[in-house]
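Have a look at the structure below, then the notes.
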Amino acid sequence: FACWSGPPARPSERRGRGNDPPAARGRHVVSRTSPVTLYGAAWSVYVRIARLALEEKGVPYERVEVDVFSDTGVPSDYLERQPFGRIPAFQHGAFTLYETGAIVRYVDEEFPGPDLQPKDPQSRARVNQIVGILDAYAYRALIREIYVERVVAPGQGRRANEEIIADALPRAALCLSELNRLSTEDDFLCGSCVTLADLYAAPMFACFTQAPDAIALLNQHQKLCQW
């Protein structure tokens, strides 16, 4: 305790960078009419999530096709936007951004239109929880392992890996069970209006339901079927 010198200063009392105006901290000044560009492939689930957010908010935008799986690798100019080589990336005027979660929340908060995130803390937390489940658990089981092996692989002329599918089915069932349990009785997953939870789920379910395995799993969850 010899080092104890009292409580830290409140943020408003700290000197230096914390008290600089926003522009001095690197904030890009943009207007709502500044051009919006989304970078990524049309087939990507995560690009579709970002596009749905832009569409729901009524934001005009341009999509630039980026093939991160090309024979020559991720385009070098794209790596300047997204050093990890994932899609999508986003630009609004001079402001650039990557990571789907950051993009859709920025779009929701920056532009007018229907709110995609509830104001109520508990409802907002539920939306974020469902988004987290879809992102961390459902995408891998439903898309990368079941959809890709059952639907994409035959289209590419190769046989589905039944071992991968069999391993994914219990995890997919758990994801669907939790989504069904956590969703409300309303028209959408988290209430009577579209939220980020719906925007994340819709592209994933659009792919997943193309796999025959999806029918038996979804039939066990009435709310998801009605959604």
How would you list, by chain and number, every residue that makes a side-chain hydrogen bond (donor to acceptor under 3.5 Å, both in side chains) with Tyr106, sequence neighbours excluded?
-> His92

Counterpart residues, salt bridge (Lys or Arg N to Asp or Glu O under 4.0 Å), relative to Arg181 (two or more places apart) = Glu178

Closest non-hydrogen atoms of Leu217 and Ala173, given as atom of the first, atom of the second and distance, are CD2-CB, 3.9 Å

Kindly write out the residues that satisfy side-chain contact (heavy atoms from CB on, under 4.5 Å) with Asp71, not counting sequence neighbours, or none if the list is empty.
-> none

Co-membership, hydrophobic cluster, residues Leu169 and Leu142, 4.5 Å side-chain = yes

Do Asn128 and Arg105 pass the side chain to side chain contact (heavy atoms under 4.5 Å, CB included) test, and can you show the C-alpha distance, the side-chain angles, and the key distance before you say yes or no?
-> CA-CA 11 Å; Asn128 287 332; Arg105 288 174 175 85; 2.9 Å; yes

N/O donor-acceptor pair under 3.5 Å between Gln91 side chain and Gly93 backbone = yes

Short question: side chain of Arg144, backbone of Tyr139 - any donor-acceptor pair under 3.5 Å?
-> no

Answer yes if Tyr98 and Val74 sit in the same cluster of Ile, Leu, Val, Met, Phe, Trp and Tyr residues linked by side chain heavy atoms under 4.5 Å apart, and no otherwise.
-> no

Give a yes or no on this: more than 12 heavy atoms of other residues, nucleotides or ligands lie within 6.0 Å of atom CZ of Arg171.
-> yes

Is the CZ atom of Arg140 crowded by more than 12 outside heavy atoms at less than 6.0 Å?
-> no

How far does CG of Asp135 sit from CD1 of Ile130, to the nearest 0.5 angstrom?
-> 13.5 Å

Who pairs with Ala41 by side-chain contact (heavy atoms from CB on, under 4.5 Å), at least two apart in sequence or on another chain?
-> Trp43, Glu65, Ile87

Should Val36 and Pro60 count as side-chain neighbours, where that means a heavy-atom distance under 4.5 Å?
-> no

Enter the distance from Glu185:CD to Lys223:NZ here, rounded to the nearest 0.5 Å.
-> 4.5 Å

With side chain to side chain contact (heavy atoms under 4.5 Å, CB included) as the test, would you mind laying out the steps for Val66 and Val47 before giving the verdict?
-> CA-CA 11 Å; Val66 177; Val47 172; over 6 Å; no

Who are the side-chain hydrogen bond (donor to acceptor under 3.5 Å, both in side chains) partners of Gln129, not counting sequence neighbours?
-> Arg126

Over 12 foreign heavy atoms within 6.0 Å of CZ, Phe188 = yes

Which pairs count as ring-ring contact (aromatic ring centres under 6.0 Å, His included) when at least one residue sits in residues 201-227, sequence neighbours excluded?
-> Phe205-Trp227

Examine Phe95 and Tyr39 and state if one hydrophobic cluster contains both, with Ile, Leu, Val, Met, Phe, Trp and Tyr joined whenever side-chain heavy atoms are less than 4.5 Å apart.
-> yes

Is Phe69 linked to Tyr78 within one hydrophobic cluster, defined over Ile, Leu, Val, Met, Phe, Trp and Tyr using a side-chain heavy-atom separation of less than 4.5 Å?
-> yes

Mind checking whether Leu176 and Gln220 have side chains closer than 4.5 Å, heavy atoms only?
-> no

Begin with the C-alpha distance, continue with both residues' side-chain angles, and end with the deciding distance and a verdict on side chain to side chain contact (heavy atoms under 4.5 Å, CB included) for Gln117 and Glu109.
-> CA-CA 9 Å; Gln117 302 173 90; Glu109 294 165 10; 3.2 Å; yes

Does a side-chain heavy-atom distance below 4.5 Å link Asp167 with Glu163?
-> no

Compare every heavy atom of Gly191 with every heavy atom of Thr184, then report the nearest pair and how far apart it is.
-> OG1-N, 3.1 Å

First locate atom CG of Leu196, then atom CG of Leu134, and finally report the distance between them rounded to the nearest 0.5 Å.
-> 11.0 Å

Around atom CZ of Arg159, are there more than 12 heavy atoms of other residues, nucleotides or ligands at under 6.0 Å?
-> no

Distance-only donor-acceptor check, side chains Asp67 and Ser70, under 3.5 Å = no

Hey, could you give me the CD/CD1 distance between Glu149 and Ile164, rounded to the nearest 0.5 Å?
-> 4.5 Å

Compare every heavy atom of Pro203 with every heavy atom of Leu199, then report the nearest pair and how far apart it is.
-> O-CD, 2.9 Å

May I ask you to say whether Glu162 pairs ionically with Arg150, meaning some side-chain N is under 4.0 Å from a carboxylate O?
-> yes

Nearest heavy-atom contact between Val107 and Ala53 is CG1-O, 4.0 Å

Is there side-chain contact between Met204 and Tyr46, with at least one heavy-atom pair below 4.5 Å?
-> yes

Rounded to the nearest 0.5 Å, how far apart are OG1 of Thr37 and CZ of Phe90?
-> 8.5 Å

Is there a path of hydrophobic side-chain contacts, each under 4.5 Å between heavy atoms of I, L, V, M, F, W or Y residues, that connects Leu54 with Val45?
-> no

Heavy-atom distance under 4.5 Å between the side chains of Ile133 and Leu182, does that happen here?
-> yes

Residue pair Leu189, Leu224: steps toward the side chain to side chain contact (heavy atoms under 4.5 Å, CB included) verdict | CA-CA 8 Å; Leu189 290 178; Leu224 291 182; 4.1 Å; yes

Taking all non-hydrogen atoms of both residues into account, name the closest pair between Ala50 and Ile103 and its distance.
-> CB-CG2, 4.2 Å

Output the distance between atom CG (Leu38) and atom CZ (Arg48), rounded to the nearest 0.5 Å.
-> 13.0 Å

Return the minimal non-hydrogen interatomic distance between Cys190 and Thr195, and the atom names on each side.
-> CB-OG1, 4.1 Å

Check whether any side-chain heavy atom of Asn219 sits under 4.5 Å from a side-chain heavy atom of Cys225, and report yes or no.
-> yes

Is Tyr147 reaching over with its side chain to a backbone N or O of Thr209, donor-acceptor style, under 3.5 angstrom?
-> no

Mind checking whether Val68 and Arg86 have side chains closer than 4.5 Å, heavy atoms only?
-> no

Any side-chain heavy-atom pair from Val127 and Pro118 closer than 4.5 angstrom?
-> yes

For atom CD of Gln156, is the number of surrounding heavy atoms from other residues, nucleotides or ligands below 6.0 Å larger than 12?
-> yes

